[in-house]
Structure formats: C-alpha cells, structure tokens
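So you know, we letter chains A, B, ... as the sequences are listed, proteins then strands, and number each from 1.
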Amino acid sequence: MFRLIITRVFLGFATLFAVTLLIFAATEILPGDVASAVLGQGATPDTLAAFRIELGLDRPAYVRYLEWLTNALQGDLGVAMTNKREVLDTITPRLYNTLFLAGYAAAIAVPIAIILGITAAINEGKWIDRAANIVTLGAISVPEFFIAYILILVFATNLGWFPSLSTVYSDMGFWQKIHVVALPALTLTMLVMAHMLRMTRASVLAIMSQPYIEMAFLKGLPRKRVILHHALPNAAAPIISVVALNLAYLIVGVVVIEVVFVYPGVGQYMVDGVSKRDLPVIQACALVFGSAFVLLNTIADILAILLNPRLRHPR
Amino acid sequence: MAIQNSFKNPPLSAKIGMVTLSVFIFFAIFAPVIAPYGEAESIGKTWASPSSEFLLGTDNIGRDMLSRIMFGARMTLGVATACTLLSFLIGITMGLLAAVAGKILDQILSRFVDLMLSIPILVFALMILSMFGSSLFTLIITIGVLDSFRVFRLARSVAVNIVVTEFVEVARLRGEGLWWIMTREVLPNALPPMIAEFGLRFCFNFLFVAGLSFLGLGIQPPFADWGGMVRENGRAIAFGIPAPLWPAIAIGLTTISVNMIVDWILSLNARPSGASAEM
C-alpha cells in the first residue's frame, strides 16, 4: 500500500510537470505567437520584431520554457503586460478569495450531498429518491449563470437579504464576508451538490448490488442493519473519492460564478487576462487551476488507496 | 423497467423532450420567416416589459427578445452540434484505432489523452481562445478537439470489448485491413452505446459554448446567441427585470429536453460499463 501511495505521489508530480509543459505549449508554441496576438493586425514587421525581442521571443522555445518554469518555481510569475504589476502580488489575495469561496461552498455542499445521496440510495425508487433525482438533474442541466441570476432575483432584488455583487475587501470582517459571499457560495453549492449527490447515490447503489449485500439480505437481516453495517463501510472509499473529485470540479466551477458576482478571485482574473490577451496572467492562472486540479485528483486517488480495505494489509 | 418502454412508445418525459427540442430546431431553421422583428433591429425602449407587441420584452438596446431567441437558436444549437460532430468524428476514429491497431499505438494515444485531461477543459479552452481569438472557426475546432478526448475514452473502452470477439478475429484471419475492421466490424457494434453518449456530449458542449459566450469569449456579436444574450442583459436583474432569464431558460430547456430523450435511449440499451458521463 505504501508503495502504491509513493507511486501515486510521484505520478502526481509527473502530471504537474506535464501540465506546465502543456500550458507553455498551448500559449507559446502554437502558430501565431504572442507578439502578433497582442499587437493585432495593424502591426508593422518592425514593431513586431522589436516587441518580440522585448518579450524575449527571439530565443528558442525550450530556453524560454526552462526560464519560465524556474521562475515560477521560485515564486516569480512574471509581470502583467497590461498594468505592469507583479502577477504574484495580484494573484495571491485573489487565490485566497477563490479558496474562501470554494471552501465556503464545500462546507455546505459536502455534508448535505453525502447525507442526501445515501438517503436517496437507501430509498431507491421512493418519492425522496425521485425528488432528489429531478432536482439534481435540473441543477446540472441549467447553466450556472441561470442559477446565479435566479438567486440574485429572489434573494438580492426581491427580498434584499444579500447584495447582488460580492465585492470583498481584505479588511472585511469574517462574518461580513460570509454575508457578502453568500449568493455565489450558494450557487456553487447547488451545482456541486447536484453532482456529488448523484455520484454518491450511484456508488452506494453499486455496492448494494454486490453479492455480500444480497447474502446479508438473504440471511434475514433488516434493511437498516444491512445498509449501516454492511454497505456503508464499503461505500466510504468511493464516496470520499467522489467528494475529492467534485472539489476539483468546484475549483474550476468558480470561473463563471466569479464573473457573475464580480467576485475578485482567480477565475475573474483569468477571464480578464484572456480578454486582454495578457499572457503572463493567463499562464499563471492556468498554472494555479491546473495545480489545484492535479492536487485534488491525486488526493482523491490516495484516499481511495488508503480506504480500500483490500489494500490495507501487505500481501 | 426497460421492457415497458418499447421503441415505438417513448415515455412522457421523452415525448416532452422531443417536442421542446423540435420547437427550438424549428426556430433555428425558420427564424427569418417567423421572427416578428429582425436579429439586430433596435425597435423599442431598453428592457421594455413583455407586451402584446414584444412578447418577451426587449433587451439592453431595445431589440425584441423573442426574435433574438429565435435567431440565437441558430448559432447556439448550430455551434454545439458542429462541436459534437467534430468531437465524435475525431474521438471515435482515434478510439477505434487505439483498440484495433495494437498495444503500442493504444498506449501512446491513451497516455496522451490522460495528459490532456489533466487540465480542466475550461482552463485549456480559455488559453487557446486567448491565443487565437474566438472566431467561430477556432471556437468549434477548440471545443471539438478538447471534447474528443472524452469521446476517445468511451469509444476505446467500448471497442476493446468488441475487438476480442470471434467475428473480429475471423475478419483478421480473413486478411481484412485495419480500416475494414474498424468501419465494418467494430463501428456498427460500437455505435448503439455512442448514440446516447452523443446526446450527453451535446449537452456538455452546448452548456460549454453558452458558458464561454457568457464570459464574452465564445460566439461574438453581432450574431445573437443565448449565452451572449444573458451576458448583455445581466445587469437588468439588479433592477428586478427578468430579461437575462429568457435566454437562460432556453438554454436550460434544451439541455433538460436532450437529457430526457437520452434517458429514454439509455433505458433501451444499457450503458457500457466503465463509461462515465460526469463532467
């Protein structure tokens, strides 16, 4: 088991390395380099060449990649093209904000989704299962901004409970922040909860169809006991990986929601960077999202290994 | 459960789905004929409320919302369909090739796809669109290619089980070529599960295009498209005007309809194991 985990951690680092390569390749090696993308069609060959030298684009790609990677590893993410500020200085508070929003949503979504998912699986085919099925299918079928606007219309415009724009400052108190960020957090919660609930339900049902569960039923145990003592301990591993996977989804899901609520997070920064073609910003944000995604996926796999009873004892 | 839903008699949910989807497709095809006003015609006040003149009110620069939704159906449905077709073309070809052409190619393709899926698809798309700008062409190619990795996984997992059957072995022994085995032996047997998958991938791409347009990075004005319309009218919601909700409802109705049809198809032929439609 220990070896498996070490392998998985190593694989995680390898993936991370590959992700940096991919980010660099997607933004720098594809035809039509940054200089022409930034300057647009009106650029003369002279200004193009000067700009290329200014950006260091006249050097070979692998040199630029190594330089970018070592700088990024040392915490130097470059300087934003549009406002000439250090990307790191801008991205750090924004990353904190994004993690705050994601953590907020996760704190609500995870317990509710697991409890409801298990309840739905236990009551398969009954009204609570059907209701959960319809509601979650609805939530994952509509775009996230639809949920966001409905929530704004009801809770901000009509009831006036929460602000419709989530502007936060660094010197804001914790509870004040909780109040201001409530609507984006609620939107994210709806989305992630729907995915998580469906996956939890599916993984519990997958276990319910195993032979040993059938055996437990056949020997006359009451349904409640079979579920609590036979099914759930085995369902823990898949449920925990479901949670970790959905947290990875949450990290990316923030992008659109941050834009809707004008929340100063990494997602909004990236969308801003993309519309202004600010390359260092795009690379840095992609790096942040990519690393978070790889990290959470690795954690999901490691937890699955740790929780798998069959791998707990060395053979 | 599966038996009562015969092919000729779809359940109510699937019927509702088909009707709704047909309405939107009808809008998309006949928009210029049936729309009461033009696509870019500014004819009223900003955000006029629904009336007999403008059934769904007007948008941020006084264009008729209903006409915009009809025209928007063209772009939104069209681009999502084009992306999905492209992604299936690439994904199925590569997936079958990986399953039929032997271990080495399979390993190369599969590891490559694993790598491409290690970055969230939205982040990847944002990077590429920022470099190429989002013309309709780059948009379709980008989403089609990125989505094809997921199609590849399903196509390969389905095809791997078909490749080991006797009739494929017979075809190999008969001396048929790679292309023949892929298209004549494996493809027809791999298609049934892929049909439901087509619906699910369509929903994903559809929401993805709408999301990108909403961020201002997808389909560009002057074309009307539902995601972009939500973006243009977003500020209205703070005044309690439901303008951005109409296109958003159109998006939601489309995905729910396709999902209901897919559910019915899935109940007809069971999904292959190991295939995941999530995300």
Side-chain angles (χ1 to χ4, degrees), chain A residues 15-16 18-19 21-23 26-28 30-34 37 137-138 140-150 152-153 156-158 164-165 195 198-199 245-246 248-249 251-253 255-256 259-260 267 270-271 273-279 282-283 285-286 289-290 292-294 297, chain B residues 1 13 111 114-134 203 206-208 210-212 214-217 226-227 230-231 233-245 247-260 263 276 278-279:
Chain A
T15 318
L16 206 53
V19 165
L21 259 180
L22 216 54
I23 290 173
T27 45
E28 299 227 353
L30 290 172
D33 69 357
V34 199
L137 186 66
I140 56 178
S141 297
V142 298
E144 47 268 67
F145 45 79
F146 180 65
I147 301 180
Y149 281 131
I150 293 276
I152 292 180
L153 193 61
T157 315
N158 288 346
S164 61
L165 299 183
H195 278 284
R198 291 178 85 82
M199 286 161 81
L245 277 179
N246 277 289
Y249 175 75
I251 290 289
V252 187
V255 176
V256 171
V259 173
V260 175
M270 180 162 190
V271 172
V274 170
S275 47
K276 288 175 188 156
R277 300 208 161 158
D278 197 333
L279 187 74
I282 300 167
Q283 284 174 332
C285 293
F289 282 123
F293 199 66
V294 172
N297 275 318
Chain B
M1 190 172 96
S13 62
R111 292 297 81 77
D114 285 351
L115 173 63
M116 298 308 262
L117 288 178
S118 66
I119 293 190
I121 182 167
L122 176 63
V123 174
F124 214 136
L126 286 182
M127 282 196 297
I128 294 180
L129 290 178
S130 72
M131 293 313 296
F132 286 107
S134 65
C203 286
F206 180 73
L207 286 178
F208 198 69
L212 282 177
F214 174 75
L215 294 176
L217 306 166
W226 296 343
V230 178
R231 171 193 172 80
N233 296 297
R235 278 187 308 121
I237 207 86
F239 308 114
I241 302 167
L245 293 184
I249 288 173
I251 296 171
L253 279 180
T254 311
T255 18
I256 293 176
S257 308
V258 176
N259 263 316
M260 291 197 291
D263 271 353
S276 165
E278 295 290 342
M279 299 195 289

Nearest heavy-atom contact between I249(B) and F146(A) is CG1-CE1, 3.5 Å
Looking only at non-hydrogen atoms, find the nearest pair between P120(B) and G290(A) and report the distance. CD-CA, 4.3 Å
Among N259(B), T254(B), V123(B), which residue has the highest count of heavy-atom pairs closer than 4.5 Å to chain A? V123(B)
Checking Y149(A) against chain B: side chain, backbone, both or neither under 4.5 Å from a heavy atom? both
Heavy-atom closest contact (V142(A) atom, G252(B) atom, distance): CG1-CA, 3.8 Å
Heavy-atom nearest pair, S118(B) first then V19(A), reads OG-CG2, 3.5 Å
Interchain contact, L16(A) with chain B, by part (heavy-atom threshold 4.5 Å): neither
Angle class for the F145(A)/F214(B) ring planes (parallel below 30°, perpendicular above 60°, tilted otherwise)? parallel
Partner chain B: residue of L21(A), V271(A), T15(A) with the largest heavy-atom pair count (under 4.5 Å): V271(A)
In terms of heavy-atom pairs under 4.5 Å with chain A, the winner among V230(B), L122(B), L253(B) is V230(B)
Step by step, would you call V255(A) with L215(B) a side-chain contact (heavy atoms from CB on, under 4.5 Å)? CA-CA 9 Å; V255(A) 176; L215(B) 294 176; 4.2 Å; yes
Please classify the contact between F206(B) and chain A as side chain, backbone, both or neither, with a heavy-atom cut-off of under 4.5 Å. neither
When rounded to the nearest 0.5 angstrom, what is the spacing between CG in L22(A) and CD1 in I119(B)? 4.5 Å
By side-chain contact (heavy atoms from CB on, under 4.5 Å) - contacts of S13(B) (at least two apart): P11(B), M260(B)
Do you know the tightest heavy-atom contact between I140(A) and L207(B)? O-CD1, 3.8 Å
Mind running side-chain contact (heavy atoms from CB on, under 4.5 Å) on L137(A) and I256(B) for me, showing each step along the way? CA-CA 8 Å; L137(A) 186 66; I256(B) 293 176; 5.6 Å; no
For S141(A) and T255(B), the nearest pair of non-hydrogen atoms, with its separation, is O-OG1, 2.5 Å
What part of L126(B) lies closer than 4.5 angstrom to a heavy atom of chain A: side chain, backbone, both or neither? both
